[in-house]
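Note sheet for the following structure.
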Amino acid sequence: MILLFFCFFKTSFGSELIFTEENIFYHLENRIHIQEKSDNSSFALSLRTGFISPTDTIYLSIDRAVVSLNHGGYEFSLGRESLFWGYGMFYSPFSYARSSMSPFDEELLRSGKNILSVRYNNISYMTPEFIVFLPDDIPEIDSVKAGIRLTFFSAGVETHFPLIFSRDVVYTGLGVRFSLFGFTVFSDHSFDYSSGDFTLGSTVGFNKTIGSNFYLQSEYFYNQMGLMTNEYDALGETAVIEYLHWGYTGRHYIYSMVQWTKDKTSGIGLFSLIHPQWKSGLVGITLTSAYFDNSLITLSYIRILKGREFDFIPYDNNILLEFRYYL
Amino acid sequence: MFNIIFLIFSLTADELLNKVDTVRAPKRSESLIQMRNYLSEDREITYKMRVITERKKATYLEILEPAREAGRKFLLIENNIWMYAPEVGKSLRLSARDKFLGSEFSNSDLMESSYEKNFEAASIDSVEDYYLLELEGKSREAPYKRITMKVRKSNFIPAYLEYYTLSGRLFREMSMDSVKIIEGDPYATYLKMSNVLSAKSYTEVKILSFKSLKNISPSLFKPENLGR
């Protein structure tokens with residue numbers, strides 16, 4: 001018998017104006033999150049739907065739609081699930097198990113992955129998981145990935161080891177997170193093997209709460225899949241467009257943010273995403289106010305630091321003003 | 001002279017600390033609590049939270065209200081605290097000493113179910129209906145350097161506590177009141193934490209409902225499961 005005993009429903013409406021040098025965009029968005037849990041089952045649904053003008057487009061994004069059943073310590077899950085393998089806030093080298101971040105998505109919202117997984121929860125210090133990544137579109141055996149992931153927590157240290165196979169690539173790696181002198185330090189490394197070659201990816205960083213109100217985070221991302229400077233320059237403007245993925249086009253990136261909050265009602269944050277060799281990226285500032293009950297007002301300014309991939313962003317300055325109401 | 005007699009014929013400091021911990025919460029419990037954070041004379045925020053605790057092992061806390069914060073989850077294991085924020089989709093690892101949701105409680109004050117884990121009993125005394133117990137942090141990782149508490153002799157529930165920083169300065173004070181019998185045992189259902197440095201701001205916690213549990217699913221106390 002499946003008995004649902006804990007139900008969680010959350011919805012919010014956002015209304016956002018985006019100002020650039022030449023245009024004003026309007027963005028209306030509704031987010032819905034539903035979760036029902038019992039001792040032996042759970043269901044989660046998270047979706048976003050919205051409207052963007054100009055272009056006057058309506059969109060629907062299903063981030064989570066997953067059913068889980070528990071029996072004897074085993075948890076079976078099927079559906080679309082938000083996966084966040086890796087301990088970095090912005091970057092992860094395990095891109096197959098985590099949607100890549102957009103530097104322009106300040107709320108770090110990401111769509112999920114289609115999965116089938118079985119995990120065993122009855123070992124206190126370890127969680128073994130067998131997982132199959134199912135393709136988004138037409139089922140093709142070539143695009144299916146499957147394997148195991150072991151997650152450990154012991155003596156204050158978190159670690160995880162994925163080993164995932166697809167038809168042509170073996171994805172492996174490791175990640176670790178621990179506290180040291182009041183800092184939380186994390187390090188993720190991927191080693192993807194294909195046709196006799198390894199491709200490496202790494203995220204190394206830390207976060208730290210300073211006093212009661214400051215929060216600091218910084219992380220370095222090494223992306224061997226990205227272009228080196230000479231490779232980028234040799235491609236030329238037309239060819240490089242195929243490789244454009246802001247924040248992922250090159251090999252080295254540093255993401256940093258510092259946040260100050262007061263009594264959970266207001267805050268100010270500074271953030272940056274920089275390619276240190278290309279000296280390009282973006283910097284931004286965000287002001288938030290939760291003064292009014294069940295609402296959040298956010299004002300952000302993003303300045304593009306032009307150079308190579310960031311030359312393709314048509315605007316230098318962006319101002320975003322959002323009012324979000326939670327029901 | 002009275003103190004010497006008291007120490008010979010009554011509890012030791014360690015025994016009293018053990019009793020304080022035993023009555024603090026049952027071995028396993030689930031409670032619904034309301035936290036009201038008074039930021040200034042005309043500003044307050046009220047939270048409703050579900051808390052599941054296994055004493056000396058772990059505490060899970062989920063925010064139910066207000067809507068803006070709903071879905072935020074916290075997990076305490078040993079001195080490690082994770083916060084899952086649904087808008088970020090990830091769990092962040094925090095410090096036990098950080099303020100809990102901007103309140104006067106630290107993460108540890110609200111989620112820790114045992115003093116013995118981080119503190120050792122340093123001294124004991126007796127005044128009228130109360131024991132006076134002094135705790136010292138076992139290491140620099142302890143949330144406070146020192147805690148002093150007035151403990152009710154009748155039920156071993158602390159009535160008043162003072163928290164001291166690493167520099168030895170009095171930092172916070174807490175009163176515990178409204179002792180009610182729940183499932184046959186007494187529990188303080190009202191806590192008030194004040195910051196001695198900012199007299200106008202304080203935080204109240206009321207226990208709305210409380211029940212002991214026979215067992216808790218191990219999956220609840222795993223950091224990697226917070227987002228599920």
Side-chain angles (χ1 to χ4, degrees), chain A residues 6 8-12 33 35 39 42 44 46 63 66 68 70 73 75 77 81-82 84 87-89 107-110 119 121-124 127 129 151 153 155-156 158 160 177-179 182 184 186 207-209 212-213 215 217 261-265 290-291 293-296 324-327, chain B residues 37-40 43-47 50 57-58 62-71 75 77-82 84-104 106-107 140-141 195 201 215-228:
Chain A
F6 181 74
F8 175 81
F9 177 80
K10 182 178 182 178
T11 185
S12 68
H33 179 63
Q35 192 158 29
D39 282 344
S42 69
S46 296
D63 300 333
V66 61
S68 297
N70 304 305
E75 181 181 348
S77 299
E81 177 64 296
S82 298
F84 299 96
Y87 298 119
M89 168 72 97
E107 294 212 11
L108 316 183
L109 292 168
R110 284 153 280 188
R119 57 166 59 191
N121 284 315
N122 276 7
I123 307 171
S124 62
T127 309
E129 178 179 18
T151 308
F153 175 68
E158 296 167 82
H160 70 108
R177 178 163 69 172
F178 55 94
S179 295
T184 298
F186 53 85
N207 64 51
K208 162 97 177 143
T209 304
S212 297
N213 305 100
Y215 177 79
Q217 171 134 1
T261 53
K262 184 177 185 305
D263 304 327
K264 296 295 292 174
T265 56
Y291 186 81
D293 287 347
N294 291 330
S295 66
L296 186 67
R324 181 161 290 277
Y325 185 74
Y326 297 84
L327 289 177
Chain B
N37 191 17
Y38 295 88
L39 305 169
S40 61
R43 180 82 181 126
E44 64 174 71
I45 303 177
T46 302
Y47 298 90
R50 176 175 172 244
K57 184 177 180 185
E62 181 169 0
I63 297 177
L64 307 176
E65 294 176 10
R68 186 177 54 228
E69 305 280 349
L75 178 64
I77 303 175
E78 296 161 4
N79 280 327
N80 309 287
I81 288 198
W82 293 262
Y84 171 79
E87 64 272 23
V88 177
K90 274 196 69 66
S91 62
L92 298 174
R93 199 160 157 169
L94 304 173
S95 162
R97 289 182 193 155
D98 296 344
K99 274 186 173 184
F100 180 78
L101 292 169
S103 74
E104 295 304 334
S106 70
N107 290 324
R140 288 186 66 84
E141 299 299 312
N195 187 328
S201 62
N215 51 50
I216 298 171
S217 168
S219 66
L220 195 69
F221 293 148
K222 295 200 168 192
E224 64 270 22
N225 287 352
L226 271 181
R228 290 179 165 239

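Here the structure is a predicted model, which is why all the values come from computation and not from measurement. Naming convention: chains lettered A, B, ... in sequence-line order (proteins, then strands); numbering from 1 in each chain.
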With sequence neighbours excluded, what pairs up with B:E65 under the salt bridge (charged side-chain N to carboxylate O under 4.0 Å, His left out) test? none
For B:S91, which atoms come within 4.5 Å of any heavy atom of chain A: side chain, backbone, both, or neither? both
Could you check which of B:S201, B:P218, B:A67 has the highest count of heavy-atom pairs closer than 4.5 Å to chain A? B:A67
Per-residue contact mode, A:Y291 against chain B (heavy atom under 4.5 angstrom): both
Given the options A:A44, A:G73, A:G156, which has more heavy-atom pairs under 4.5 Å with chain B than any of the others? A:G156
Which heavy atom of A:M89 sits nearest to which heavy atom of B:L92, and what is that distance? CE-CD2, 3.6 Å
Does A:K10 reach the main-chain N or O of B:G71 with its side chain, forming a donor-acceptor pair under 3.5 Å? no
Checking A:E75 against B:S219: is there a side-chain donor and acceptor pair closer than 3.5 Å? no
Closest non-hydrogen atom pair, B:R68 against A:D293: NH1-C, 4.2 Å
Quick check: do A:E158 and B:P223 have side-chain heavy atoms less than 4.5 Å from each other? yes
Checking A:N207 against chain B: side chain, backbone, both or neither under 4.5 Å from a heavy atom? side chain
Is A:R119 close to B:K222 at the side-chain level, that is, under 4.5 Å between some pair of heavy atoms? no
Non-hydrogen atoms of B:R93 and A:S179 that approach each other most closely: NE-OG, 3.5 Å
Counting only heavy atoms closer than 4.5 Å, note whether A:S124 contacts chain B via side chain, backbone, both or neither. backbone
Just how far is it from atom CZ of A:F153 to atom CH2 of B:W82, taken to the nearest 0.5 Å? 3.5 Å
Non-hydrogen atoms of chain B under 4.5 Å away: do they reach the side chain of A:S46, the backbone, both or neither? neither
